[in-house]
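Letters A, B, ... mirror the listed sequences (proteins, then strands); counts begin at 1. These numbers were taken from a predicted model, which means no experiment stands behind them.
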Number of protein chains: 2
Amino acid sequence: MENCEFCKIRSKAVETLTQDEVQLLQENCAEVDLVADENIIKEGSLSSHIAYLKEGLAKIHKKGVKGTDQILKIVQPGSYIGIQTVLTSKVHQYSASAVENSKVCYIDITSFKQLLSTNAAFAKELVIYLCQDELSYFNRFVNVHQKQLDGRMADTLLFFADEINKSRIFTIPLKRYDLAALICSTRESVTRALKDLSDIGTIKVNGNSFEILNYELLKKISEKG
Amino acid sequence: MENCEFCKIRSKAVETLTQDEVQLLQENCAEVDLVADENIIKEGSLSSHIAYLKEGLAKIHKKGVKGTDQILKIVQPGSYIGIQTVLTSKVHQYSASAVENSKVCYIDITSFKQLLSTNAAFAKELVIYLCQDELSYFNRFVNVHQKQLDGRMADTLLFFADEINKSRIFTIPLKRYDLAALICSTRESVTRALKDLSDIGTIKVNGNSFEILNYELLKKISEKG
DNA sequence: GATTAAATGTGACTTTAATCACTTTTTTTT
DNA sequence: AAAAAAAAGTGATTAAAGTCACATTTAATC
């Protein structure tokens, strides 16, 4: 399925386009299948395309001074990836990788910029998108610094349960060291945090399979920090 | 000086406006003088206006689970404040306060939205603005988590020296507890970090007056973390 | 200028989570 | 299925920074 017009998951921005504009997008857009762990964009490489996640799940990650990657966010279908770089830098400022098998559309930057320059409604929707995205980082920034480990772990579990899987029984397609990079901790501490939450009966853990047993308590731990 | 047309510090976005549009802006815009510590916008309050910092210096801050504020960023003239909320929420998601005497223009949201909807060039400049802003937070997020205290303190000193004051002798118009909220630490630890940096001869501290004595070393501490 | 209040500095102590070293389990490869 | 590699778990130890309690300095107010 390579047709933008009938794309099941068109962004609000793309919804604003005229038929001609969709045509332009279509012609400068390539759909790619990715398996888990494959790179979507790579920090430091030339940014010739924006990626749009159509299916699957991806992580946004960025190298820090220690040399290890920090996961900035887990993104779901309907997310633009690499968009922040396009208009301001020639080089991607962060990486993104599939964390499960995914479909991604690569949109040529030049065409994207053209749409942005000529269609105010399109640009407006992007502004909205970016604002929401940024606000989510504000929350994350503050939370990550004021909550301790178990609280951050609880946050992440609730995120995967409520936002991603919409179920109290779910799997997290991340290794322990990825979870660590996500909650700003270490592999060992992730193990311990999960054990803590397990011990008090909030969750059941089995490898990457999780079940929330006491949602209220988990929520309380997430909120209390 | 209440005239947008002759505003000394018009944003790139406003540069794109036609005379009529500037006129619209003008009519829905109010300039306000603020003294240090005054609120610009307040988290949780209705967002009827966007603020544009014309003169001075401001902090963007947000309440965390602990009940204390975290400083997200120090912003300079030319920054939009509260813009992320305008299109997505009725209520401000963060606060902003002047950290020194400042001038702010409050722009009515409705007019702002109107410009956004009708002028693609305006919207595009905002997209660029937001992208740059978000990227700066990515850096901050990763740095704050991978650097330890002295590194973060060094970052902040370099920021005030290089970005804000463009001099190795400068003052920081923040209390120690504000510095703590900025580098994600505590008042006491700020004192100690400054002492550390002082002891090894990188800086000279006297209240809020600072001098960088060994720029290279400070840079190294900032980079090494 | 004295008094009060706010801000900052300092040492002792505690807590949290990182690090290290090693074991066990799971997954992948041959 | 065996061997190798990767991932995850575990206990002991360490380190970094937070907390607490109090002293000192600076600024504000009467």
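- Phosphate contact (OP1/OP2 of dA18(C), side-chain N/O of S189(A), threshold under 4.0 Å): present.
- We find that CG of D150(A) is positioned 7 Å from P of dA17(C), with the value rounded to whole Å.
- By the ring-ring contact (aromatic ring centres under 6.0 Å, His included) test, H145(A) is found to be paired with F141(A), H145(B), residues two or more places apart in sequence or in another chain being considered.
- Listed by first then second residue, pairs satisfying side-chain hydrogen bond (donor to acceptor under 3.5 Å, both in side chains) with a partner in residues 128-142 of chain B read Q84(A)-E134(B), K73(B)-D133(B), K73(B)-S136(B), Q84(B)-D133(B), not counting sequence neighbours.
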Practice task
At under 4.0 Å between heavy atoms, which parts of nucleotides 10-16 of chain C does protein reach? Answer with one letter per nucleotide, 5' to 3': B base, S sugar-phosphate only, - none.
Solution key: BBB---S
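- Whole-Å rounding puts the K175(A) NZ to dG9(D) P distance at 12 Å.
- When the nearest nucleotides of DNA chain C are assigned to K66(A) and G207(B) by heavy-atom distance, the more 5′-ward of the two goes with G207(B).
- Sorted by first and then second residue, the side-chain hydrogen bond (donor to acceptor under 3.5 Å, both in side chains) pairs involving residues 186-196 of chain B (not counting sequence neighbours) are T186(B)-S189(B).
- The interatomic distance linking N206(B) (CG) with dA27(D) (C1') rounds to 15 Å, in whole Å.
- For the pair L179(A) CG and dA18(C) P, the interatomic distance rounds to 14 Å; values are reported in whole Å.
- Atom CG in N208(B) sits roughly 10 Å away from atom C1' in dA7(C) (whole-Å rounding).
- Residue pairs meeting the ring-ring contact (aromatic ring centres under 6.0 Å, His included) criterion with at least one member in residues 171-191 of chain B: none, sequence neighbours excluded.
- Checked against side chain to side chain donor-acceptor pair (under 3.5 Å), E55(A) has no partners two or more places apart in sequence or in another chain.
- Taking atom CD on Q146(B) and atom P on dA16(D), their separation rounds to 16 Å, with Å as the unit.
- Atom-to-atom, CZ of R176(A) to P of dT10(D) comes out at 11 Å; the value is rounded to the nearest Å.
- For the salt bridge (charged side-chain N to carboxylate O under 4.0 Å, His left out) test, no residue two or more places apart in sequence or in another chain qualifies with E38(A).
- With a 6.0 Å radius and a threshold of 12 heavy atoms from other residues, nucleotides or ligands, D37(B) has its CG atom at or below the threshold.
- If one axis is set at each end of the helix from dG1(C)-dC30(D) to dT30(C)-dA1(D) from five pairs, those axes are 50° apart, to 10°.
- Using cut-offs of 30° and 60° for the angle between ring planes, the Y52(A) and Y80(A) rings count as tilted.
- OP1 and OP2 of dT8(C) both lie 4.0 Å or more from every side-chain N or O belonging to Y177(B).
- Separating the CG atom of L174(A) from the C1' atom of dA6(D) is a distance of 17 Å, rounded to the nearest angstrom.
- Taking S45(A) as the reference, nothing meets the side chain to side chain donor-acceptor pair (under 3.5 Å) condition, with sequence neighbours excluded.
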